[in-house]
Amino acid sequence: QGVKSMPERNDDLNAMINKVWPVLVRRRWWIFCTFAAVSLITTIVALTMPSKYRSEATILVQTPQAPNSLVISNSTSNAMDDLDAITNQILSRTHLMAVIDEFHLYPELRNNMGANDLTTLMRNNIEVTPMAKNPERRSANAFMIAFTATEPEVAQRVADRLNYLF
């Protein structure tokens, strides 16, 4: 009873098309103009947005492989605390200004911004993310460092330098 045969389905579909088609034909200019306007706006926005390139490096942290019977560990901090300390040191104003000067970053902003503003801008372009196997343990075996720039070569070179500093 609830299952329609194939000819009945085709009749329903044909009836629906016969009802919708005149509306589409009558409103064709509205449909075309809306589609053209949305396409034009999307193209303009895509072409005017600045390109952003992101370079990433993954750093593996390995614990010493010496047996506990031979070497007694004197480290009481976990990997996350160590990563935080290293990150704060690397992202300090002194280190970042050295990287900014080495790679001539933000040339158009150097005359208008102070060193603190430039380093804040660079910190916003840097991302350090721990890659923990077990987030509940708060121990990371690797972390990822990324830098975003407007030129791909600059992003790669700065990410490589930051990787070297870590």
Side-chain angles (χ1 to χ4, degrees), residues 1-61 80 83-84 87-88 90-93 95-136 138 140-166:
Q1 286 175 317
V3 178
K4 294 183 178 182
S5 67
M6 191 61 108
E8 289 177 17
R9 285 187 192 169
N10 286 339
D11 291 341
D12 291 345
L13 182 61
N14 288 337
M16 178 67 76
I17 290 172
N18 289 336
K19 287 181 183 177
V20 172
W21 186 252
V23 174
L24 292 175
V25 170
R26 218 174 27 244
R27 305 280 188 225
R28 69 183 173 269
W29 289 111
W30 283 104
I31 295 169
F32 175 75
C33 290
T34 302
F35 175 76
V38 169
S39 298
L40 181 66
I41 290 170
T42 302
T43 302
I44 290 172
V45 168
L47 292 176
T48 58
M49 287 181 66
S51 298
K52 296 281 185 176
Y53 298 95
R54 177 181 167 106
S55 183
E56 300 176 352
T58 302
I59 301 171
L60 177 64
V61 179
M80 291 298 287
L83 176 60
D84 287 341
T87 300
N88 288 336
I90 299 300
L91 298 183
S92 68
R93 181 179 179 269
H95 281 101
L96 292 184
M97 280 308 296
V99 173
I100 289 170
D101 291 338
E102 179 181 352
F103 294 105
H104 309 291
L105 300 176
Y106 316 115
E108 65 281 351
L109 300 175
R110 284 182 160 215
N111 296 333
N112 302 333
M113 297 175 80
N116 286 335
D117 293 332
L118 285 173
T119 54
T120 300
L121 179 62
M122 186 165 181
R123 275 188 204 103
N124 291 336
N125 291 327
I126 296 173
E127 180 183 342
V128 179
T129 308
M131 300 170 72
K133 283 186 177 179
N134 187 357
E136 292 85 28
R138 286 188 43 86
N141 63 339
F143 61 96
M144 187 261 315
I145 184 162
F147 182 74
T148 304
T150 56
E151 297 175 23
E153 296 85 12
V154 172
Q156 191 274 324
R157 290 185 306 170
V158 173
D160 186 49
R161 169 62 70 209
L162 292 171
N163 180 29
Y164 174 77
L165 292 174
F166 272 89

**Message:** For Arg110, give me all partners under side chain to side chain donor-acceptor pair (under 3.5 Å), at least two apart in sequence or on another chain.
**Reply:**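 With neighbours one apart ignored, the set is Asp101.
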
**Asked** Considering residues at least two apart in sequence or located in another chain, which fulfil the side-chain contact (heavy atoms from CB on, under 4.5 Å) criterion with Ile44?
**Response**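 By the side-chain contact (heavy atoms from CB on, under 4.5 Å) rule, Ile44 matches Leu40, Thr48.
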
**Message:** Once side-chain contact (heavy atoms from CB on, under 4.5 Å) is applied, do any residues pair with Thr150, and if so which ones, sequence neighbours excluded?
**Reply:**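 Testing Thr150 for side-chain contact (heavy atoms from CB on, under 4.5 Å), a comparison that skips the adjacent residues, returns none.
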
**Request:** Indicate the atoms forming the closest heavy-atom contact of Phe143 with Pro130, along with that distance.
**Result:**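 Here Phe143 and Pro130 meet closest at CB-CA, 3.8 Å.
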
**Item:** Distance-minimising heavy-atom pair for Met144 and Ala146
**Value:**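 Shortest heavy-atom separation between Met144 and Ala146 comes out as SD-CB, 3.8 Å.
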
Could you list all the side chain to side chain donor-acceptor pair (under 3.5 Å) pairs where at least one residue sits in [range], not counting sequence neighbours?
range: residues 155-166; result: Glu102-Arg161
range: residues 19-34; result: none
range: residues 114-130; result: Arg54-Glu127, Arg93-Asn116, Tyr106-Asn125, Glu127-Thr129

Could you measure the distance from the [atom1] atom of [X] to the [atom2] atom of [Y]? Nearest 0.5 Å is fine.
X: Met122; Y: Phe103; atom1: CE; atom2: CZ; result: 8.5 Å
X: Leu121; Y: Ile100; atom1: CG; atom2: CD1; result: 7.5 Å
X: Ile17; Y: Asp12; atom1: CD1; atom2: CG; result: 11.0 Å
X: Leu162; Y: Ile126; atom1: CG; atom2: CD1; result: 4.5 Å

**Asked** Are Leu105 and Phe147 close enough that some pair of their side-chain heavy atoms sits under 4.5 Å apart?
**Response**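 When only atoms from C-beta onward are counted, Phe147 and Leu105 do touch, with a gap below 4.5 Å.
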
